[in-house]
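Notes to accompany the following structure.
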Amino acid sequence: MEKQPRLLCSQLSVGGRVCDVTLSSSFLSWREVVDSSKKRTAANVYGPLKAAGSHCVPVCEIIAIQETEEDCPSTNVGKWQKVPQNPAGSNQHAFTVSYVERTLKHRWRCSEVTLHCPDRKLCLQWVQAIREQLALLTIRPKRLLVYINPHGGKQRGKRIYEQKVAPIFSRASITTDVIVTERANHARDHLKTEADLKKYDGVVCVGGDGMFSEIMHGLISRTQCDSGVDQSCADETLIPCGLRIGIIPAGSTDCICYATVGCNDPVTSALHIVVGDSQPLDVCSVHQNNAFLRYSVSLLGYGFYGDVLMDSERKRWMGPARYDISGVKTFLSHRYYEGTISFLPADGSVGTPRDKIQCRSGCNICQLPSADKAVYKVEDKNKDVWQVIRGKFLAINAACMSCACPRSPKGLSPSAHLADGTADLILVRKCSRLDFLRHLLRHTNKNDQFDHPFVEVYRVRQFRFTPRYQETDSELDLREAEGSSSKHFFTQICREHQACSCAPTHSSWNCDGEILPHGAIQVSVQGEQKWSKNIPMGNSSSEVVQS
Ligand SMILES: Nc1ncnc2c1ncn2[C@@H]1O[C@H](COP(=O)(O)OP(=O)(O)OP(=O)(O)O)[C@@H](O)[C@H]1O
């Protein structure tokens with residue numbers, strides 16, 4: 001720990017023990033004063049942040065400070081609380097500091113310490129000094145717009161927000177406007193047209209990946225619209241959003257939260273939001289001809305993952321178990337699709353999908369200044385050489401991030417970067433069921449999932465897919481209707497009936513968990529958008545991902 005000039009230093013009482021308490025611009029630390037006859041060597045305390053009798057909290061991880069007096073209401077939390085008894089009995093004035101405590105598996109918790117002062121003047125001096133340091137942390141949000149999907153995952157979004165997240169925001173003096181959505185796309189439409197975004201420092205999504213996608217679409221569309229950018233033009237470069245999105249995981253898979261923060265835990269995410277952590281993320285824009293279809297930040301999957309999603313949407317009533325059942329069913333159906341993939345490979349400076357480098361907080365590749373990346377892209381345009389691959393594929397996946405989740409802790413592409421301007425394109429060619437099973441199982445263990453002769457992986461900046469057989473408009477309409485409705489009795493019977501030889505020639509795209517019925521698409525990885533990490537965006541501060 002670098003030596004910092006002390007702003008304040010006093011002997012205060014913590015839990016009945018006298019401590020030397022020090023505040024610098026970076027740390028608040030307290031260390032028990034020991035009898036010189038029993039003097040121990042004081043350990044350097046930053047690392048696990050704690051040694052016996054010594055504690056050190058980075059100022060940037062202090063959530064709140066409040067003056068606490070015996071039997072008085074706490075000002076910020078709005079409830080009465082009893083100050084722990086000080087055995088010395090002489091210290092009547094105290095203040096309580098709430099701070100982030102890091103626990104196992106990337107989880108954060110809110111801890112508290114109450115420090116007793118010999119007089120009120122000193123107590124106020126400490127409260128003011130710490131508040132002044134917190135006021136310098138301008139990246140912290142003060143006002144947030146919160147959208148809650150009450151139907152995501154196990155339908156616990158509202159409860160999770162009220163019980164676990166709102167108290168933390170309130171303690172950190174963050175004011176919120178909360179909207180509980182009443183229908184799909186409510187949040188997206190509100191952001192696009194109605195929300196007064198100037199009032200807020202960020203948007204919080206309480207829900208799963210689908211809800212995040214809705215909010216991302218609302219924010220990006222609004223930003224492009226306000227800046228006059230035509231989203232239907234595939235060559236347009238997106239204007240980054242001024243607002244960040246924080247994710248409170250309350251969905252079924254919460255893949256984006258996991259990949260950015262390292263765990264799916266609402267309290268951890270709320271604390272990342274409070275301290276102002278953020279993580280830029282690449283966004284892919286998906287077009288068909290000159291029509292804009294969708295944006296994607298995690299997975300675009302055709303074939304296996306498209307079919308699993310299409311089937312699981314019909315089983316929404318089953319809850320998260322639908323993914324397992326649809327997964328098994330789709331695996332057994334073993335459908336393959338023919339088509340042509342063309343792609344623009346990324347420059348070697350951003351690494352390769354098999355280099356075993358994991359994108360973490362402070363990743364060198366993602367930290368290249370945006371300006372440098374832009375220059376590199378423009379220069380590179382002159383030497384663009386598209387590669388073309390034709391074949392029969394069980395799955396075509398494009399991962400903009402690792403897509404790690406609790407079931408697949410390394411994800412679909414373990415070395416994909418969150419904000420390097422590329423996606424990892426994974427082609428799984430037609431193979432036996434057993435081989436495909438081997439490949440799928442590698443998503444759950446440590447073996448290299450690309451080490452199979454029927455699997456190819458490329459780091460790309462753009463790609464196009466054209467199915468071998470032209471899609472008719474009626475086919476597209478049919479699949480679109482299947483995706484949006486849960487009653488497709490006749491279509492389903494037709495597909496599932498073995499005697500009927502109408503095996504589909506087209507799959508759908510799974511776009512971050514939403515169905516995209518179009519087969520032929522063009523995808524271009526856009527510059528990063530900045531989000532609040534929690535989001536986790538899974539990792540942490542400008543690093544949402546502290547994986
Ligand atoms: N009030 C609502 N009623 C019905 N659907 C909603 C509502 N609010 C949002 N939605 C839609 O619900 C869909 C699923 O939501 P969400 O992503 O939160 O949960 P999930 O699908 O269970 O989780 P995951 O996407 O992580 O698997 C989203 O596409 C969203 O558009």
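When a ligand or atom number is given, it counts from 1 through the structure's own listing order.
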Problem - Option set T253, L309, I256, N185, criterion heavy-atom distance to atom 27 (O) of ligand 1, minimum - result: T253
Handout entry: Heavy-atom nearest option to atom 19 (O) of ligand 1, drawn from A250, C205, G152, G513
Key = G152
Residues [X], [Y]: salt bridge by 4.0 Å N-O rule:
X: K164; Y: D265; answer: no
X: D177; Y: R143; answer: yes
X: E456; Y: R429; answer: yes
X: D189; Y: K192; answer: no

Strictly under 4.0 Å, does any heavy atom of [X] approach an atom of ligand 1?
X: H186; result: no
X: Y323; result: yes
X: E514; result: yes

Looking at [atom], what's its closest protein heavy atom, distance included?
atom: atom 18 (O) of ligand 1; answer: G208 N, 2.7 Å
atom: atom 28 (C) of ligand 1; answer: G210 C, 3.8 Å
atom: atom 3 (N) of ligand 1; answer: H151 CD2, 3.2 Å
atom: atom 20 (P) of ligand 1; answer: S252 OG, 3.5 Å
atom: atom 1 (N) of ligand 1; answer: T181 O, 3.0 Å
atom: atom 31 (O) of ligand 1; answer: E214 OE2, 2.2 Å
atom: atom 21 (O) of ligand 1; answer: R316 NH2, 3.2 Å
atom: atom 15 (O) of ligand 1; answer: N149 ND2, 2.9 Å

Exercise for the section: Measure across S213 and E514 and return the closest heavy-atom pair with its distance rounded to 0.1 Å. Expected result: OG-CG, 4.4 Å
Exercise for the section: Return the minimal non-hydrogen interatomic distance between A250 and I160, and the atom names on each side. Expected result: CB-CD1, 3.9 Å
Please list, in number order, the atoms of ligand 1 under 4.0 Å from a heavy atom of [X].
X: D209; result: 17 (O), 24 (P), 25 (O), 26 (O)
X: G153; result: 19 (O), 20 (P), 22 (O)
X: G207; result: 18 (O)
X: D254; result: 26 (O)

Handout entry: Structural part of R183 in contact with ligand 1, heavy atom criterion under 4.0 angstrom
Key = backbone
Completion exercise
The residue among V274, V178, I63 that forms side chain to side chain contact (heavy atoms under 4.5 Å, CB included) with F169 is V274
Problem - Audit row: S221, Q231, side-chain contact (heavy atoms from CB on, under 4.5 Å) steps and yes/no - result: CA-CA 8 Å; S221 297; Q231 293 180 89; 3.4 Å; yes
Practice task
Check whether any side-chain heavy atom of D512 sits under 4.5 Å from a side-chain heavy atom of S296, and report yes or no.
Solution key: yes
Handout entry: Side-chain heavy-atom pair L394, F454 within 4.5 angstrom cut-off
Key = no
Handout entry: Aromatic centroids of Y458 and F463 separated by under 6.0 Å
Key = no
